[in-house]
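Shown next, in structure tokens, is the structure this report addresses.
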Amino acid sequence: MAQIAQVLVDVPTMQTNRPYSYQIPSAWQSQVQPGMRVVVPFGRGKRRVQGFVLACNDVTTFDGDLKAIDSVVDLAPVLNQEALKLTAWLAASTFSFQITCAQTMLPAVMRAKYEKLLRPTDQTSAAIDDQIFHGQTSVDFDAIATTPAAVSQLLRLQAAGEVEVYYQVKNQARHKTVVGVKAALSVADLKQVETTVRSGAAKQLALLNGLQTLNGETLTQREFSQRFDVSEAVIRTGEQKGWLQKTAIEVYRDPYATANIRPTKPLKLNDEQQVAVNQIVAAVDAPATTTFLLEGVTGSGKTEVYLQSIAAALAKGKTALMLVPEISLTPQMVQRVKGRFGKAVAVLHSGLSSGEKYDEWRRIRRHEAQVVVGARSAVFAPLDNLGLIIMDEEHESSYKQDDAPRYHARQVALWRSQYHHCPVVLGSATPSLETRARAEKGVYQRLLLADRVNRRPLPSVSIIDMKQEMQQHAESNFSRALLVALQDRLERHEQSVLMLNRRGYSSFVLCRDCGFVLKCPNCDISLTLHMDTHTMKCHYCGHEEAIPKVCPNCHSRQIRYYGTGTEKVEEELQNLLPDARIIRMDNDTTRKKGAHAKLLTQFGSGEADILIGTQMIAKGLDFPNVTLVGVLNADTALGLPDFRASERTFQLLTQVSGRAGRAEKSGHVYIQTFNPDHYAIRFAKHHDYEGFFKYEMQMRHQGGYPPYYFTVQITASDLDEAVAAKRMYQLLQWLKPRLTPSTIILGPTPKPIARVNRRYYYQIVIKYKQEPNLEHTLTTLLQETQVQQRQGLQIGIDVEPLHFM
DNA sequence: AGCACGCCGACT
DNA sequence: GTCGGCGTGCTC
């Protein structure tokens, strides 16, 4: 019987990023297993932390007295063998702490909350009890220890044994329960009781009759009350008389009421779709770890290919995982999958409450759900026996997590496909260059859907040169051509969608006399005007202040907002087209839970003529009556110092164009731009992904960028700019001799937004083709900079970063 | 992270 | 002399 547990403790630092050995108390030796959470003492004080058991055995390299596990949190492992292996791989490949990775894979409620408490002892004097405890059994340490003087007093009291410090490790996970009703007496006894009830007590008789029909089963109180027509008060009486027992029945929080979902049937596939399904299903059956690139224009029916492939995996008794970007995870999308697979579907996304996420996670782990649909983190869903992984819109940057662990869901999906020997399907109309290049080399197998379902032609696209427009007409967000088209749609009772490319282009306040721009005091970035709260906000640190009435610099009153936000566009459009009914969708109007869906439903049911929004409207929405799509500012992202700017612009334009003319009516797209000759815009006009791919590959080849090179970004930040810069140059000197000569190191350079939250940022980018020792080198780097990190320097490593700013 | 240990300046 | 500042090392 294993006596020693190797435990990963919940202390995310470089020094503690390894297992610690603990004695397993003999009473628990048969039940502690790898993957369970435990509470262990850690450190010289009385600190207790949560940890994950990685292994159980009888050996340790530690030559000292082992401490014992304090308590066991789980009855069964929450991380299975696959998850434990994945944790180790994820930590190594993203340069993050193992404990952080383990926690990332689980619902947030399973993360422990810690409380440091003070408790009285039997030596506590009346005076201290009066001062600190007021008769309570414990008080929060931090609430009392607010001043240095208070801290030293507490330390003295602790030394004198008058108070005790105690750490409480709290499990946040709560199971939702409803009240159940169960008979407490046998049927015979209940019959006996019936004879003693006063005649005319109809409800009590009904209750007794009802109890007799239960057959020892438990019914929810609600159901019982309805079925036998007895009130809760009567049931309470029955409980008091000892006829019945109330119990707690565990229920799942159901985020989508399954009741009103209409079942859907598989659609007839066209030839291309059928070929794709056949290939995928063959790989599911084999099983083979083939990675497919399913490349299909918008409207070519990729989703139906996914659904029928999933059906084949389920038919084989296997499970399936379907990843979609957060913004595509709309109620329509969920309905479509649930309509096909019903209760077998679990949905994981950020809109769920933490309790709902936990319940969905448990349904998956208990094998009550075989299909999981979810955003990025759903890639960790605890599905056993995986038969198929699908990643829709694989080029979406939201698949990469922005903070530690900086993983890309695609990499995790590929890892899991190796583990389960199952295929992966990467789907997109505009695949990332990396993926498309791998398909070119035969690493991935390419499946092409060139035709739109029903053979609808792609919408025609007009490019509008805003430079000319500006010269000939007054400054406006709307070109004449677009306005005429909008007017035309209003008259024909058709709908329009307008997209404002918000990135780096929101409203800021500018003084027309001296040119002063209101900036964040903590960050090198202008503050954004928010009309809903009437404040200026920083989008990086959250700083908020009042809108200035006079210029803080020259005291002029000519201080106005400048630039274009969705609100301003809406206002201008309403002036230009007073009769139009407009819905605006942006971060402000969709922040509330369910607001997103509500606005889309309103638009879909024809309650508005025009939908204005940011990038969020480009994805997945499918309204047959939309015949016009306008992109107000196509090129705001093109000017950004990022080699992926063209790729993103092309993808966005192609995607938003796909919103026009999805049913019988043909669509038209207007793209307003200041760079009408830019290749990203030219290729988007002709829906020419292949042309764009070839051209962009040349650009990447010349620039030495992915997919020709791999990249790693190292960021250092410090409150003192000189320190950040100096350390970065030292780091460069340290790094150079450890990398192969063909590797290119860019930087150090200050980040384009050099200061965020009072910290100064510098970055180095490593571009390499082959660097076998990179993992080791960078891990060493993190260890060697420990002392500096303690002194306030923050160092971060991002493997294959998606944003270079 | 959080805690103890340990070594220097201004107070009872 | 002691209290308390924070730099350094360690946590099974």
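In what follows, every heavy atom counts, from backbone to side chain, and hydrogens, waters and symmetry copies are set aside. Chain A is the first sequence line, chain B the second, and so forth, proteins listed ahead of strands; every chain is numbered from 1.
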Atom pairs, N/O to N/O, protein against nucleotides 10-12 of chain C, distance under 3.5 Å?
{"residue": "dC10(C)", "atom": "N4", "partner": "Arg790(A)", "partner atom": "NH2", "Å": "3.0"}
{"residue": "dT11(C)", "atom": "O3'", "partner": "Gly43(A)", "partner atom": "N", "Å": "3.1"}
{"residue": "dC12(C)", "atom": "OP1", "partner": "Tyr22(A)", "partner atom": "OH", "Å": "3.4"}
{"residue": "dC12(C)", "atom": "OP2", "partner": "Lys67(A)", "partner atom": "NZ", "Å": "2.4"}
{"residue": "dC12(C)", "atom": "O3'", "partner": "Ser21(A)", "partner atom": "O", "Å": "2.8"}
{"residue": "dC12(C)", "atom": "O3'", "partner": "Lys67(A)", "partner atom": "N", "Å": "2.6"}
{"residue": "dC12(C)", "atom": "O2", "partner": "Ser21(A)", "partner atom": "N", "Å": "2.8"}
{"residue": "dC12(C)", "atom": "N4", "partner": "Arg18(A)", "partner atom": "NH2", "Å": "3.2"}

Query raised in the report: Is Arg362(A) paired with Glu250(A) through a side-chain N to carboxylate O contact shorter than 4.0 Å?
Result: yes
**Report entry** Protein-nucleotide distance (Arg156(A), atom CZ; dG4(C), atom C1'), rounded to Å
**Finding:** 11 Å
Query raised in the report: When the distance from CZ of Arg48(A) to C1' of dG2(B) is rounded to whole Å, what number comes out?
Result: 16 Å
Give every pair of a protein N or O atom and an N or O atom of nucleotides 8-12 of chain B that lie under 3.5 Å apart, one pair per line with the distance.
none

Query raised in the report: Quick one: does Glu326(A)'s side chain get under 4.5 Å of His349(A)'s, heavy atoms only?
Result: yes
**Report entry** Any side-chain donor near an acceptor of the partner, His420(A) and Glu82(A), under 3.5 Å
**Finding:** yes
Report task. Go through the side-chain N and O atoms of Glu771(A) and Thr743(A) and say whether any donor and acceptor fall under 3.5 Å apart. Result -> yes
Requested in this report: Using atom CD of Gln794(A) as one end and atom C1' of dA1(B) as the other, report the distance to the nearest whole Å.
Outcome: 14 Å
Query raised in the report: Which part of the nucleic acid, if any, lies within reach of Ser152(A) when heavy atoms closer than 4.0 Å are counted: base, sugar-phosphate only, or nothing?
Result: sugar-phosphate
Report task. Find which nucleotide of DNA chain C each of Val787(A) and Ala149(A) is nearest to by heavy atoms, and output the residue with the more 5' nucleotide. Result -> Ala149(A)
Requested in this report: Figure out the CD/P separation between Gln50(A) and dA1(B), and round it to whole Å.
Outcome: 18 Å
Requested in this report: Verify the distance criterion only: is there a donor paired with an acceptor across the side chains of Ser21(A) and Gln6(A) at less than 3.5 Å?
Outcome: yes
Requested in this report: Indicate, with a heavy-atom threshold strictly under 4.0 Å, whether Lys116(A) touches base, sugar-phosphate, or nothing.
Outcome: sugar-phosphate
Query raised in the report: Do you see a donor-acceptor pair shorter than 3.5 Å between the side chains of Thr535(A) and Glu544(A)?
Result: yes
Requested in this report: If the plane angle is over 60° it's perpendicular, under 30° parallel, otherwise tilted; pick one for Phe42(A) and Tyr20(A).
Outcome: perpendicular
Query - Asp10(A) and Gln103(A): side chain donor to acceptor below 3.5 Å - result: yes
Query raised in the report: Cationic tip of Lys116(A) within the cone over Phe141(A)'s six-membered ring, i.e. under 6.0 Å and within 45° of the normal?
Result: yes
Query raised in the report: Nearest-Å distance, CG (Leu155(A)) to C1' (dG5(C))?
Result: 14 Å
